[in-house]
Amino acid sequence: MLATRYQNGNTSRNESTLLGLINDPACSAVTLFCSPGTPTADFSQTDGSENNLPLLAALAKYSIPGIDDVYIVFDGMFLTAARRPRYLEVRQILDTSEKSGKVSFATKPVPFTSALSPAEAVQTLLNAQPTVQLLGSTRAQYFALLCSIPEAQYP
């Protein structure tokens with residue numbers, strides 16, 4: 001297994017990068033995660049302000065025949081649905097994820113991983129169980145992890 005961490009930029013760039021991977025035919029799978037809604041022992045400065053919690057995290061997988069699986073970790077202050085402008089970015093991720101058929105999500109919050117090495121972060125995220133495919137019928141379940149307000153009622 002090869003692992004690397006995406007270098008976070010502004011949220012528009014972060015959104016665009018993840019959308020590109022979801023739409024990339026060479027990317028075999030994307031899994032979305034949600035951090036805890038309050039700081040825990042593994043919360044670090046790279047996770048930003050606790051006002052932004054919970055955070056959206058992701059793991060993209062490329063399978064390269066004859067080499068190995070390559071994982072890209074998206075964590076830390078990557079994306080959040082804490083405020084309307086940020087929600088609009090998350091909504092675009094979810095809309096695209098539904099259509100792709102290759103995105104799943106962990107049904108429970110996962111530990112903060114931005115202070116771990118990329119390989120340790122991948123292992124932590126791969127151990128998150130259970131995961132389910134992100135579909136129209138499961139989208140609300142994932143969104144409920146990101147926000148206490150149902151998506152249909154988001155302002």
Side-chain angles (χ1 to χ4, degrees), residues 1-6 8 11 14-44 46-48 52-65 67-82 86-152 154:
M1 169 189 76
L2 304 171
T4 190
R5 176 173 277 118
Y6 172 72
N8 288 338
T11 57
N14 295 349
E15 171 199 15
S16 177
T17 301
L18 186 54
L19 288 172
L21 292 179
I22 292 168
N23 289 319
D24 183 351
C27 180
S28 59
V30 174
T31 307
L32 302 178
F33 303 91
C34 181
S35 76
T38 57
T40 60
D42 45 15
F43 182 77
S44 75
T46 54
D47 295 314
N52 292 321
L53 300 179
L55 302 173
L56 183 150
L59 188 62
K61 177 183 175 185
Y62 282 82
S63 296
I64 303 174
I67 297 179
D68 207 346
D69 289 337
V70 177
Y71 290 93
I72 304 168
V73 179
F74 298 84
D75 61 4
M77 187 52 222
F78 178 65
L79 289 174
T80 179
R86 304 295 69 88
Y87 157 70
L88 296 174
E89 294 161 341
V90 170
R91 183 178 73 183
Q92 184 63 41
I93 296 292
L94 298 179
D95 290 347
T96 302
S97 295
E98 269 187 67
K99 293 173 189 165
S100 77
K102 67 177 173 185
V103 178
S104 60
F105 66 93
T107 60
K108 297 177 184 172
V110 298
F112 295 98
T113 58
S114 65
L116 302 174
S117 72
E120 291 170 320
V122 168
Q123 277 309 131
T124 298
L125 296 174
L126 287 176
N127 289 333
Q129 296 295 326
T131 60
V132 297
Q133 188 173 7
L134 190 97
L135 304 167
S137 60
T138 61
R139 178 179 175 143
Q141 182 183 0
Y142 179 68
F143 194 78
L145 297 170
L146 288 174
C147 187
S148 60
I149 302 168
E151 187 175 16
Y154 205 90

Between [atom1] on residue [X] and [atom2] on residue [Y], distance to nearest 0.5 Å:
{"X": "T4", "Y": "Y71", "atom1": "OG1", "atom2": "OH", "answer": "14.0 Å"}
{"X": "T46", "Y": "M77", "atom1": "OG1", "atom2": "CE", "answer": "11.0 Å"}
{"X": "D47", "Y": "N52", "atom1": "CG", "atom2": "CG", "answer": "10.5 Å"}
{"X": "E89", "Y": "L18", "atom1": "CD", "atom2": "CG", "answer": "11.5 Å"}

Smallest separation among heavy atoms of [X] and [Y], with atom names:
{"X": "P36", "Y": "V110", "answer": "CD-O, 3.0 Å"}
{"X": "K61", "Y": "D69", "answer": "CE-OD2, 3.4 Å"}
{"X": "S100", "Y": "I22", "answer": "CB-CG2, 3.7 Å"}
{"X": "C27", "Y": "V30", "answer": "SG-CG2, 3.8 Å"}
{"X": "F33", "Y": "A106", "answer": "CD2-CB, 3.6 Å"}

With no hydrogens and no angle check, is any side-chain donor or acceptor of [X] less than 3.5 Å from a backbone partner on [Y]?
{"X": "N127", "Y": "T124", "answer": "no"}
{"X": "S117", "Y": "E120", "answer": "yes"}
{"X": "T80", "Y": "P54", "answer": "yes"}
{"X": "D68", "Y": "M1", "answer": "yes"}
{"X": "Q133", "Y": "G101", "answer": "yes"}

Are the side chains of [Y] and [X] in contact, using a 4.5 Å heavy-atom criterion?
{"X": "L134", "Y": "E98", "answer": "yes"}
{"X": "F105", "Y": "T31", "answer": "no"}
{"X": "L94", "Y": "R91", "answer": "no"}
{"X": "D75", "Y": "L125", "answer": "no"}
{"X": "L56", "Y": "F78", "answer": "yes"}
{"X": "Y62", "Y": "L2", "answer": "no"}
{"X": "S35", "Y": "L53", "answer": "yes"}
{"X": "N8", "Y": "Y6", "answer": "yes"}

Geometric class of the F43/F112 ring pair [parallel <30°, tilted 30-60°, perpendicular >60°]
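The arrangement is perpendicular - the two ring planes meet at more than 60°.
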side-chain hydrogen bond (donor to acceptor under 3.5 Å, both in side chains), that's the test. Do T11 and E15 meet it? Break it down for me.
CA-CA 6 Å; T11 57; E15 171 199 15; over 6 Å; no
Report the C-alpha separation of T96 and V103 in whole Å, then their side-chain angles, then the decisive distance to 0.1 Å, and conclude whether the side chain to side chain contact (heavy atoms under 4.5 Å, CB included) test is met.
CA-CA 9 Å; T96 302; V103 178; over 6 Å; no
For Q141 and T138, run side-chain hydrogen bond (donor to acceptor under 3.5 Å, both in side chains): C-alpha distance rounded to whole Å, both residues' side-chain angles, the deciding distance at 0.1 Å, then the answer.
CA-CA 5 Å; Q141 182 183 0; T138 61; 5.6 Å; no
Basic-acidic side-chain contact under 4.0 Å: D24, K102:
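So D24 does not pair with K102 through a salt bridge.
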Side chain to side chain contact (heavy atoms under 4.5 Å, CB included) between D42 and T113: does it pass, once the steps are laid out?
CA-CA 7 Å; D42 45 15; T113 58; over 6 Å; no
Does the ring center of Y87 lie less than 6.0 Å from the ring center of F143?
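Yes, the ring centres sit under 6.0 Å apart.
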